[in-house]
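Written below as structure tokens is the structure these notes are about.
Protein chains get the first letters and strands the later ones, always in sequence-line order, with residue 1 at the start of each.
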Amino acid sequence: MKYTFTAIEKKWQKEWERHGLYEANDRSKKKKWYSLFEFPYPSGDGLHVGHLRPYIGMDIISRKRRMEGYNVLFPIGWDAFGLPTENYAIKTGIAPHIVTKKNTDTFRRQIKSIGASLDWDREINTSDSKYYRWTQWMFLQFLKHDLAYKAEIAINWCLSCKIGLANEEVVGGKCERCGSDVEKRTKKQWMLKITAYAEKLLDGLEKLDFLKEIKTQQINWIGKSEGAELKFALENGDESITVFTTRPDTIFGATYLVLAPEHNLVYKLALHIKNLPEVEAYQNFTRSISEQDRVAEGKEKTGVVLGGIFAINPATGNRIPVWIADYVMAHVGTGAIMAVPAHDERDFEFAKKFQLPIVQVIKSETVVGECWTGEGSLIDSGGFTGMSSLEARRAVTKFLGGKLKTHYKLRDWVFSRQRYWGEPIPVIICASCGYVPVPEKNLPVVLPKVKNYKPREDGESPLASVASWVKVKCPKCKGPAERETDTMPNWAGSSWYFLRYADSKNKHAFADTKKLEAWMPVDWYNGGMEHVTLHLLYSRFWNLFLYDIGEVPTAEPYKKRTAHGLILAEGGAKMSKSKGNVVSPDGLIKEFGADALRVYEMFMGPFDQAIAWDPRGILGASRFLERVWNIGMTRIVSDSESADKELTTLLHKTIKKVSEDIETMSFNTAISAMMIFINGCGSEKKIPVSLWSLFVRILAPFAPHVAEELYQKLTTKNSRQKTRKISRSKLVVVSSKSSVHLAPWPSFNPKLITEETFELIIQVNGKFRGTVTLPRGVGESEAKEIALKDEKVLRALDGKQSKKVVFVPDRLINFII
RNA sequence: GCCCGGGUGGCGAAAUUGGCAGACGCGCAUCACUUAAGAUGAUGUGCCGCAAGGCUUGUGGGUUCGAGUCCCACCCCGGGCACCA
């Protein structure tokens, strides 16, 4: 009987859906399991084979858990707000919600076609007002707890997208999305105080089962540095300069101070600065170059001394000059540093160029005249001389009345966008009351329909042009007021979507507390590496906050996080519509079947590694399934007929391998193990039904449709008795109770795996010379005797006596001559 | 510059953690079936060599009876961070 995958796949997908086989149960007594992948952005480019990789991976894990007896939640939805849809609307005039509808329909059809065991009943869409009502509600909670505020800030303005970007969205001075230039603009923006959670975000990481590189990236991003703030009095007037340093122990070597060119004090001191024109020229110069150029690698240090301005080094009492230089950033630390050229590379370089004194105060392990940034004992440091630098950090700070201080690189999250396709920020601006939150009962603030989606030339959102929507009464004083026209960034909806899945249809709360308690936290979350410093950090912050205000049951939302590698186009380029190298799953499913596509995607290489698409690769998967099918249809016999011991051992080894490999996402080797089993079945062997049933079950997570069909043939065949060949019956449809996907996951029998014999490796001088099969537990002398009968071994020994023999029981013997 | 990955046949890749390097698959070759092609099946396939044998996991050194795996130095590729004080 031919393997008609199209018919089989359609049939089972329908049956599974009809029986609600994959719907999670909120009230089950079974242990819960929550697996999650990053919900897709339904782009107009359509779904490509790369999208499917994480879905298939998590599907395999979810299916295995179900078979292991868990009550599994494996949901999906759409991260539907976002720029590409809006840009498409600008270009075509088609409303974003219509485009979104069309795109999600396509994505849904395509994802369904691979037969993932998703609970479609809980499908969500972040651009649906029933959903974003709660995103807005959460914003109001941030506002209520002083974690949302509006501030005049320099934002990163993308010239091409016409949108303000969060710092996280600027990569190498360019817009992360479109790659064009970003310039600094000042604008009043809503901000979320993620910095208040810096320490919690860092602490929380420790207990989580996240990939090491993910943790490292988050740690780097938060960028904690511990040091001290020290005050330097100025000779001129009452002002002083506070610097931040991680090395207060080196203060005796501080020979000058440096301010960022845009530091406030430069303006305050203007009257005292003797070379003001020169200083102003330098300020203008630094303003004119982009941030990217300013920090460019190998850039020579520049700077200007503030003529006539002197500070007093509080440790030495020396009078030291004050400079401005662009190697000091206004937003780092206090925007001012004490320069210790002998012990800091940058200061060293600067001091050499401008011939400033270099005073060594830490014993160095390098040549004199070089810069030493390591630790050591203090020299020429007054009462601290001889103390270790580590010890001196605290002691010096205390002595000088400085403050121990922790700085973070992490900056507050710019939460405003002046764009259309996002959640309106639920705030009303009243001339007399200020920023007034929209009362919770008036949520959602629905995004109004507009004619023109283009951002306005003045940089305001297109919403600002909808007068009828903007003009409202102030909820507080009832006077005339206006709505906030900024919308939220596309990271908003995805910051809490995993919570909504617990109770996606709730009209009275973002989710019912009991249901959250039943499902949270996410047991296993898989997504892309590209979201590690953005989405993953934001959503952890969001959840930590909700936990603090008592809205969610766990502090951390995700127990375990893994990342998949991208699938690249042939040749290794990134897949994109503009490059025209996108591989769609549709044609492949038609030609080879969803199961073959699934198996190939999992087989092509390690799950966490990027890999280029090979159009021929799917043939191997397809052939494998054909072979499985043929065996299943023609060679299954009743248990009484035969029990091939070798094959039984092989199967149990395969069960062990597949069980373990799924847990480490080593899907490629799991499939290879199953291929070895099928090869082991040869072309003649009859397979007893009980063996085959176990194999079909371990295959089920990978190739769910063909496994279901074969399994159903078995159960129906079993109830009759031993017919050698399965009759050409119509496609069987049985109740979900007997689905292979609810059958118990097989366990292997350890006794069957340990074989009675082993291959003894024979080496001469560490070189492999042959093997011999021996019973397990054989002793050294016996092994030696047998090994010495081997012709090749004798030839290698060349009549010489071995002076030493290394014998590893049940493994190897090595003669050394 | 710093921090993570990684470098193995023509290609994608395995390697029970120090014990037969190249499993599994793609591709290729030969054969069978076929009028033929395709599909399928069988056999072979790291490199040099007719063979015996030798060589082989980015490079160079080391530890070890034995190294893809451990140690030291270096070279390339991918990712992240970066005048972060």
Anything under 3.5 Å between a protein N or O and an N or O of nucleotides 15-22 of chain B, put it in a table, one pair a line.
residue: B/rG19; atom: N2; partner: A/Q763; partner atom: OE1; Å: 2.9

Checklist entry - Using purine N1 to pyrimidine N3 plus N6-O4 or O6-N4 for Watson-Crick, or N1-O2 and O6-N3 for G-U wobble, both under 3.5 Å, which nucleotide pairs with B/rA14? => result none
Item to check | B/rG66 to B/rC20 separation - C1' atoms, rounded to the nearest Å | outcome: 12 Å
Checklist entry - Using the ring of each side chain (for Trp, its six-membered ring), is A/F5 parallel, tilted or perpendicular to A/Y3, with breaks at 30° and 60°? => result perpendicular
Next on the checklist: Check this for me: does the side-chain of A/K301 come within 3.5 Å of the base of B/rC83 through a donor and an acceptor?
Outcome noted: yes
Checklist entry - Using purine N1 to pyrimidine N3 plus N6-O4 or O6-N4 for Watson-Crick, or N1-O2 and O6-N3 for G-U wobble, each under 3.5 Å, what pairs with B/rC2? => result B/rG80
Item to check | Base paired to B/rC31 (Watson-Crick or G-U; both N/O distances under 3.5 angstrom) | outcome: B/rG41
Next on the checklist: Please classify the nucleic acid contact of A/I671 as base, sugar-phosphate, or nothing, using heavy-atom distances under 4.0 Å.
Outcome noted: nothing
Next on the checklist: Can you tell whether the side chains of A/K656 and A/E660 come within less than 4.0 Å, N to carboxylate O?
Outcome noted: yes
Checklist entry - Hey, does A/I762 reach any base, or is it just sugar-phosphate, or nothing, if we go heavy atoms under 4.0 Å? => result nothing
Checklist entry - Is there a Watson-Crick or G-U wobble partner for B/rU69 with both distances under 3.5 Å, and if so, which one is it? => result none
Checklist entry - side chain to side chain contact (heavy atoms under 4.5 Å, CB included) with A/Y600: which residues, sequence neighbours excluded? => result A/M604, A/W613, A/D614, A/I618, A/A621
Checklist entry - Does A/K574 put a side-chain nitrogen or oxygen below 4.0 Å from OP1 or OP2 of B/rG79? => result no
Item to check | Contact residues, residues 343-351 of chain A to RNA chain B [heavy atom, < 4.0 Å] | outcome: A/R346
Item to check | Who pairs with B/rC20 - Watson-Crick or G-U, where each distance is under 3.5 Å | outcome: none
